[in-house]
> 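My questions all concern the structure below.
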Amino acid sequence: MMKQVKYTPQPIDTTDVKLPEELEQLVEQMSKNVHEVWAETRIKQGWKYGEQRNDDLKTHPCLVPYEDLPEVEKEYDRNTSIGTLKLIMKLGFKISK
């Protein structure tokens, strides 16, 4: 049996970081790519589309193109992207095109 360790996540606080408007398009492109990477990984692991998530059968309803995801799932990917961009800026890096 694995020893249970108390874990308290401590992400870097980025609440003071405001993303510039010009990064909104980047957020959406990153969000789509986050989904594509996730889906590619699942498919390589033998998962396929199914109306219900079933870990035993390896089916998942989100194995569809990003554009076909429910808005709540897109928002999850956007939050991941926004959090990543805010961290990059918080650490002092500049994002430019």
Side-chain angles (χ1 to χ4, degrees):
M1 188 166 144
M2 241 175 100
K3 180 182 173 190
Q4 194 165 18
V5 178
K6 182 169 170 61
Y7 166 60
T8 306
Q10 297 179 338
I12 293 173
D13 183 7
T14 59
T15 54
D16 60 328
V17 178
K18 172 108 171 76
L19 289 184
E21 274 185 43
E22 60 265 20
L23 293 184
E24 287 179 15
Q25 186 179 6
L26 178 58
V27 166
E28 201 60 19
Q29 290 172 331
M30 285 179 65
S31 302
K32 180 178 179 177
N33 198 64
V34 165
H35 175 69
E36 294 295 316
V37 169
W38 171 84
E40 180 182 55
T41 300
R42 291 294 174 268
I43 290 167
K44 285 179 181 175
Q45 293 170 340
W47 287 72
K48 58 188 177 297
Y49 173 81
E51 289 188 25
Q52 299 287 327
R53 178 178 176 157
N54 183 313
D55 291 355
D56 294 327
L57 296 176
K58 290 189 172 183
T59 60
H60 202 292
C62 291
L63 284 172
V64 296
Y66 179 77
E67 295 75 20
D68 296 339
L69 286 175
E71 193 58 33
V72 67
E73 295 296 335
K74 288 180 184 178
E75 201 58 36
Y76 179 86
D77 292 329
R78 285 184 195 116
N79 288 338
T80 299
S81 300
I82 289 167
T84 300
L85 290 170
K86 284 184 168 188
L87 176 63
I88 289 167
M89 293 174 68
K90 178 80 173 197
L91 295 175
F93 291 90
K94 305 276 187 257
I95 302 168
S96 62
K97 188 170 182 178

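Nothing fancy with the numbering, it's 1 onward along the sequence.
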> Please report the interatomic distance NZ(Lys58) to CZ(Arg53), rounded to the nearest 0.5 Å.
11.5 Å
> Thinking salt bridges, do Glu67 and Lys74 make one under a 4.0 Å N-O criterion?
no
> Would you indicate whether Glu22, at its atom CD, is surrounded by more than 12 heavy atoms from other residues, nucleotides or ligands within a distance under 6.0 Å?
yes
> Can you classify the ring geometry of His35 versus Tyr66 as parallel (below 30°), tilted (30 to 60°) or perpendicular (above 60°)?
tilted
> Any side-chain to backbone donor/acceptor pair from Thr80 onto Val34? Under 3.5 Å, distance only.
no
> With side chain to side chain contact (heavy atoms under 4.5 Å, CB included) as the criterion, how do Val64 and Tyr49 come out once you've worked through the C-alpha distance, each side chain's angles and the decisive distance to 0.1 Å?
CA-CA 7 Å; Val64 296; Tyr49 173 81; 3.7 Å; yes
> Does the side chain to side chain contact (heavy atoms under 4.5 Å, CB included) test come out yes or no for Lys94 and Ser96, once each step is laid out?
CA-CA 6 Å; Lys94 305 276 187 257; Ser96 62; 5.7 Å; no
> What's the spacing between Leu63 CG and Asp68 CG if we round to 0.5 Å?
12.0 Å
> More than 12 heavy atoms of other residues, nucleotides or ligands under 6.0 Å from CD of Glu71: yes or no?
yes
> According to the side-chain hydrogen bond (donor to acceptor under 3.5 Å, both in side chains) rule, which pairs have a member within residues 4-13, sequence neighbours left out?
Asp13-Thr15
> With rounding to the nearest 0.5 Å, note down the distance linking NZ in Lys86 to NZ in Lys18.
8.5 Å
> Side-chain heavy atoms under 4.5 Å apart, restricted to Ile/Leu/Val/Met/Phe/Trp/Tyr: what other residues fall into the cluster of Met89, or is it alone?
Ile12, Val17, Leu19, Leu23, Leu26, Val27, Met30, Ile82, Leu85, Leu87, Ile88, Leu91, Phe93, Ile95
> When rounded to the nearest 0.5 angstrom, what distance separates CD in Glu36 from CG in Asp77?
10.0 Å
> Give a yes or no on whether Gln52 atom CD has more than 12 heavy-atom contacts from other residues, nucleotides or ligands under 6.0 Å away.
no
> Starting from Ile43, can I reach Leu69 by hopping between I/L/V/M/F/W/Y residues whose side chains sit under 4.5 Å apart?
yes
> Would you sort out whether Lys44 and Thr41 count as a side chain to side chain contact (heavy atoms under 4.5 Å, CB included), showing the intermediate values?
CA-CA 5 Å; Lys44 285 179 181 175; Thr41 300; 5.8 Å; no
> Can any side-chain N or O of Ser81 pair as donor or acceptor with the backbone N or O of Ser31 at less than 3.5 Å?
yes
> Between Asp55 and Trp47, what is the shortest heavy-atom contact and its length?
OD1-CH2, 3.3 Å
> With a 4.0 Å cut-off, would you call Arg78 and Glu73 a salt bridge?
no
